[in-house]
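Comments concern the structure below.
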Amino acid sequence: MKLLLNCLILTIFFASCSKIEENNDPIIGIWKHTVKTATNTNKMVIDNEEYIFNDVYLGRFHGYKEGQIVFLTDFKWTYENGHYIVSYPGTDFPNDVLEMKETEEGTMLIRSQGNIFALKTN
């Protein structure tokens, strides 16, 4: 009787679980950018940027100075009309509107103004 009850409970449990939609967007992964000036577009004094995009439309930004993380924040991302929009809730950072391009240097994200946002790492 216990075995039958356990089987019934397991059947109900697995039947009630919804399937999580798989996200295979090419933006998912780690993207990096070496800052060529003393400050980046957000006026932070850093020398490297790292963006980690995950499959649930969230991510994390790391700002590095001489190999040490000096700033980090979470972000959200969406894909609309051929562009990625990255927003940084809880900060005063403006949204980034990005387009993905394949070049000889690799896959890169370009800001709507035309400058490089980041290169995808392998």
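As the structure is a prediction and not an experimental result, all values here were calculated from the model. The figures that follow rest on heavy atoms only: side chains count, while hydrogens, waters and symmetry mates do not.
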Test log, rule side chain to side chain contact (heavy atoms under 4.5 Å, CB included), inputs Lys76 and Val86:
CA-CA 6 Å; Lys76 295 180 180 181; Val86 179; over 6 Å; no
Could you check whether atom CD of Gln68 has more than 12 heavy atoms from other residues, nucleotides or ligands sitting under 6.0 Å from it?
no
Hydrophobic clustering (ILVMFWY, side-chain heavy atoms < 4.5 Å, transitive) - are Met100 and Ile116 grouped together?
no
Verify the distance criterion only: is there a donor paired with an acceptor across the side chains of Asn95 and Ser87 at less than 3.5 Å?
no
Could you state the interatomic distance from CG (Leu109) to CG (Asn115), rounded to the nearest 0.5 Å?
11.5 Å
Residues which pass salt bridge (Lys or Arg N to Asp or Glu O under 4.0 Å) with Lys101, listed by chain and number, not counting sequence neighbours:
Glu99
Any link between Ile30 and Phe71 through a network of hydrophobic side chains (Ile, Leu, Val, Met, Phe, Trp, Tyr) touching at under 4.5 Å?
no
Side-chain heavy atoms under 4.5 angstrom apart, residues restricted to Ile, Leu, Val, Met, Phe, Trp, Tyr: same cluster for Ile110 and Leu119?
yes
Do the non-hydrogen side-chain atoms of Thr34 and Lys32 ever get within less than 4.5 Å of each other?
no
Please say which of Val70, Asp47, Ile46, Val35 ends up in a side chain to side chain contact (heavy atoms under 4.5 Å, CB included) with Tyr64.
Asp47
Rounded at 0.5 Å granularity, tell me how far CG in Asn54 sits from CG in Asp25.
11.5 Å
Verify whether the ring centers belonging to Phe53 and Tyr84 lie closer than 6.0 Å.
no
Checking side chain to side chain contact (heavy atoms under 4.5 Å, CB included) for the pair Asn48/Lys65: CA distance, chi angles, key distance, verdict?
CA-CA 7 Å; Asn48 283 294; Lys65 178 74 175 162; over 6 Å; no
From CH2 (Trp31) to CD (Glu49), nearest 0.5 Å
14.0 Å
What are the two closest non-hydrogen atoms of Ile69 and Leu72, and how far apart are they?
CG2-CD2, 3.9 Å
Closest heavy-atom contact between His33 and Ala118?
CB-CA, 4.0 Å
Minimal non-hydrogen separation, Ile27 against Lys120, with atom names:
C-NZ, 4.4 Å
To the nearest 0.5 Å, atom OG1 of Thr91 lies from atom CG of Asp74 at 10.5 Å
If you compare all heavy atoms of Val97 against all heavy atoms of Ile85, which two are closest, and at what distance to 0.1 Å?
CG2-CG1, 4.4 Å
Let me see the working for Tyr88 and Asp96 under side-chain hydrogen bond (donor to acceptor under 3.5 Å, both in side chains), right down to the final yes or no.
CA-CA 9 Å; Tyr88 306 87; Asp96 285 305; 2.6 Å; yes
Start with the C-alpha distance between Phe75 and Phe61, add both sets of side-chain angles, then the distance that settles ring-ring contact (aromatic ring centres under 6.0 Å, His included), and finish with yes or no.
CA-CA 7 Å; Phe75 61 83; Phe61 166 79; 7.9 Å; no
Do Leu98 and Phe93 land in one hydrophobic cluster if side-chain heavy atoms of ILVMFWY residues count as linked below 4.5 Å?
yes
If you define the side chain from C-beta out and look only at heavy atoms, does anything of Met108 sit under 4.5 Å from Glu105?
yes
